[in-house]
Amino acid sequence: MAFMLKKLFLVLLLCFTWVMSGAQNNTGIKPKIGLVLSGGGAKGLAHIGVVKVLEEAGIIPDYISGTSMGSIVGGLYAIGYSADDLSILNQSIDWTVLLTDYVPLRNVALDEKHDYKRYLVEFPIRNKKVSLPSGLLEGQNLAMLLSGLTWRSAGVESFDNFPYPYRCVGTEIIKGEIVNFSSGDLALAMRASMAIPSVFTPVVFDTTMVVVDGGVIRNFPVEEVIEMGADIIIGVYTGFKDVVTSEDLESLDKVLSRATASYGIYDSREQSKKVTILITPDLARFSSADFSKSAEIEKAGEIAAREHFGELKALADSLKQYADYKKPEPLQEIDSIFITNVLVNDLKYYDQSLAYGKLNIRKHEYLNRQELQQGMERLFGTLYFDKLTYHFEKENQGYRFVLNAKEKPPASFRSAIHYDNFFGAGLILNYTQSNLLISGTRMTATIDLSEYPQARFYYRKYTGPRMNTLVGLDTYFESNLIPGYLEGEEVGYFNQNRVTSELALKKSFDLNQQAGIGILFEYSAVHPSKSMQTLYPLDFNYQRYGFAGFGMNSTFELNTLDNLIYPFDGNQVNFFLKGILNPMSDIRYLNDSLETENSLNSFSKLYFSIDNYHPLGSKLNYNLGFSLGISTDEFIASDYFFIGGHKANLRRNQVAFVGYNLGEVIATNLVQMKLGFNYRLYPNFQLEILTNSMITSYDFDHLLQSILDMDGGAFHFGYGAGLTYNTPIGPASIFFAGNNKEEKTTWYINLGYTF
C-alpha cells in the first residue's frame, strides 16, 4: 500500500511540475503522454485489457509505439479502433487458423484441390537446388486480416497523421539494427514487426531491407515515443521474464528461446527505467503461443491495469485543464474505395495477366471488401503464390490498388507415404515445375512407387480475359489388382494396366465448379491369373484382353467440401461422360495368337455422383449420397465399374461400396444410395457409421426393371463402422463392414494420403 501511495505521489508531483512550468512561462503547454506496448506473442493480447482501463480512467495518449503483438494492438488503436472494438476482434478471431498458412479447401482452385495438403514433406527448388523455406509460416492469413482491418488508413501515408501518432518497431537483419516504421503501409509494417524468426518468414521490403520481429532488439520501444516528444510514459510489458532460474531452462526449446531473446530482454530492462507508469500483467501461467486463452490473457491485462487505476485517473484529471486534452476523432471506416488504377509487382515465374485476370478489379469503379476478398481468394487459390499483400495509394480522386505477390519457387519436390490392406504400401513422389516450354504453364508429375504403381502427368495453362479457362494435357497410368470372387470367396485375380490421356478445355465458373470437354485416348487391358484360366478355361482363354481407342468426353465438377478426405460440411458433384469410337482390340490368346486389328463397336459410359455433408451440431454430421453409372451394351469388360472397398484406396473406374472387398462386384450399370454419420470424438479423432445400397445390371433396361421390381438378386446392401485419427503422416483409419449377401466381415485399413 505504501508503495502504491509513493508512486501516486510521484505522478502527481510530475504533473504539478508541468503545470507550474506552464504557468511560469505563460505557455500552457500540455505534457505529452506516450503509450508503449511490448511484444510477447499471445501474451501481448493483455494490451487490450490495459487499453480498456486507460479509456475508463480517461487517459488520452499523444503518441503510441508497439512491437510485435503490441504493434498490432497499438496500430489498430492508433487509427481509431476503440478498446471495445479490439476486445470484440480478440473474441471473434480464430487465432489457430489466423496464425497458420492453412487455406480452407473451398478457397483452393478446383484443379488444385486433389494435391492440396496431401503431401508429408515439401521442398522448394531454387537455382536447381532443393532448399528449405525461410520460415515455417508465410503469414498469409494474418497479412490478409491486417490489410482488411486497416482499410480506414488508405491514403494516409505518414503515421504521424493518424489520430494517435504511431511508431511500429521491427529488426532489420542485414545490418542488424532497429527499424522504426513511421510511414507507408501500416498492415505490412505490423506484419513485419511480428515476423518471429524461424516461425514467420521475414518481410522483404527491397534487396537491402529484410525485417523480422522487433523483439529481437527492441521488445519494449520506450525510446521511440520519447523521440516523438512524450514526457510521461505509460508502458505495458508482456515479454520475457526479466529473471529466470535454471529450472526454467530445462528443455532445448526454452534454452534456444531465451538465448535468442537475450539482447531484447537486456534492452527491455534498460527501457523500463524510462517509464513513468509501468504495467506488467501477471502472465506466468500463459505462454506466448496460448492464443486459445486469448480472453483470459486480455482479462489479466485489465486486472493489472486496475492496480494502477488511481495513478492513471489522477494523471488524466490533472491534464483536463488543457484545452487540447480531448480524444481525437478516429479515422472513419470505409466500405468501398474508388479505384483509379491497378498495379501488380513484376512477376518472375508467372504471367502478370494471371494476377490481373484472377483479381478482376476494374478501374474507375468502386471496390468493396467482398469483391476484393473474392478476387484475392481466386488468385491465391491457384496455389501459385506463397503470399499476397496489398495496399492503397492516393491517386487523383481515388486510389491506386497495389498488389505485392510473392511467387512460389518455380519448382518443388513433394513426398508422402501410404498403406492400405488391399494394395499395400507405397511411396508417392511429386515434382512440380512452372513455365516448362511455355510461359505461364504448370507441370505436375506424380508417381506412386508400389507393387501396383500409378503415375499421373498434368500440363496446364490458364487463359482468357479473366484467366478462368484452362487448357491442359492430363495423362494417367495405373497397374491394378482386380480379384475374382465366387460366392464371396476370392478364387483368383486379374492384373489390369490402364493408360488414359486427355487434351482438355475447361471453364471455371468459380473456385469450386468447373466444366470441360476433351479429346482422349484410352488403353486398358486385363491379364487373368493362372487360377482364373484353370477354373474358367472357356471364359479366360487369353493372356491379355483389352482395347485401345480415341474418343471424346465431357465433365462437370463441383466441390465445396471443407476437407477432401474426411469432410464435415459441403457438397461434391461429379459428372463424366465419354464415348470411344470404334476402338481396336488388343487380345493375346493362350496359344500366343494375337488379335490387334479388329475394330470393336463404339461404346459410351456415363457416371454421375453427388455427395452432401451437413453438420448436425459441432461434432456430428451426416453424409447423403447418390450415384448412377450407365454403359452401352457393347461395353468392354476391361472398362467395367469395379465396385467395393472404402473411399480411401479407390482408383479410376472403381466405385466405393462399404461391405464388399474392392472389385468384388463388377457391373456395367448401377444405381447407388448411401447414408452415413460422422461423430468427432476429439478434434483429430472421429467415428464413422455408413450404410449403402445398390442395384446393378449388365444392361440399362434390366437396371430399370430391377429398380421397379426391387429384384433381390440385383440388390446389394452394405453397412459398416470405423475410426479415423489424423496423424502427422496423414489419416489413419480402420473400418469393419458387412453385406446382405454374405455372413463374413470385411475390413479396411488405411494410413496416409492416397495417390
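Computed from heavy atoms alone, side chains included, the values below leave out hydrogens, waters and symmetry copies. Throughout, numbering of the chain's residues begins at 1 and tracks the sequence.
Glu451 places none of its side-chain heavy atoms less than 4.5 Å from the side chain of Leu481. Residues Tyr607 and Val655 are in side-chain contact: their nearest non-hydrogen atoms beyond the backbone lie under 4.5 Å apart. When side chains are defined from C-beta on, Arg680 does not count as touching Tyr566, because their heavy atoms never get closer than 4.5 Å. Annotation: side chain of Asn678 is not in contact with side chain of Pro567 (no heavy-atom distance under 4.5 Å). The closest side-chain heavy-atom distance from Leu437 to Tyr459 is below 4.5 Å.
Nearest heavy-atom pair across Ala425 and Tyr419 is N-CD1, 3.7 Å.
Using modelled atom types, one side-chain atom of Thr668 and one backbone atom of Tyr698 make a donor-acceptor pair closer than 3.5 Å.
Sequence neighbours left out, the pairs with a member in residues 513-532 that pass ring-ring contact (aromatic ring centres under 6.0 Å, His included) are Phe521-Phe550.
More than 12 non-hydrogen atoms from other residues, nucleotides or ligands lie less than 6.0 angstrom from OH of Tyr116.
The side-chain tip of Arg651 does not point at the ring of Phe755 from less than 6.0 angstrom away and within 45° of straight on. Under a cutoff of 6.0 Å and an axis angle of 45°, Lys741 and Tyr660 do not form a cation-pi pair.
Residue Tyr458 forms a side chain to side chain contact (heavy atoms under 4.5 Å, CB included) with just one option from Thr432, Thr475, Thr446, Thr444, and that option is Thr444.
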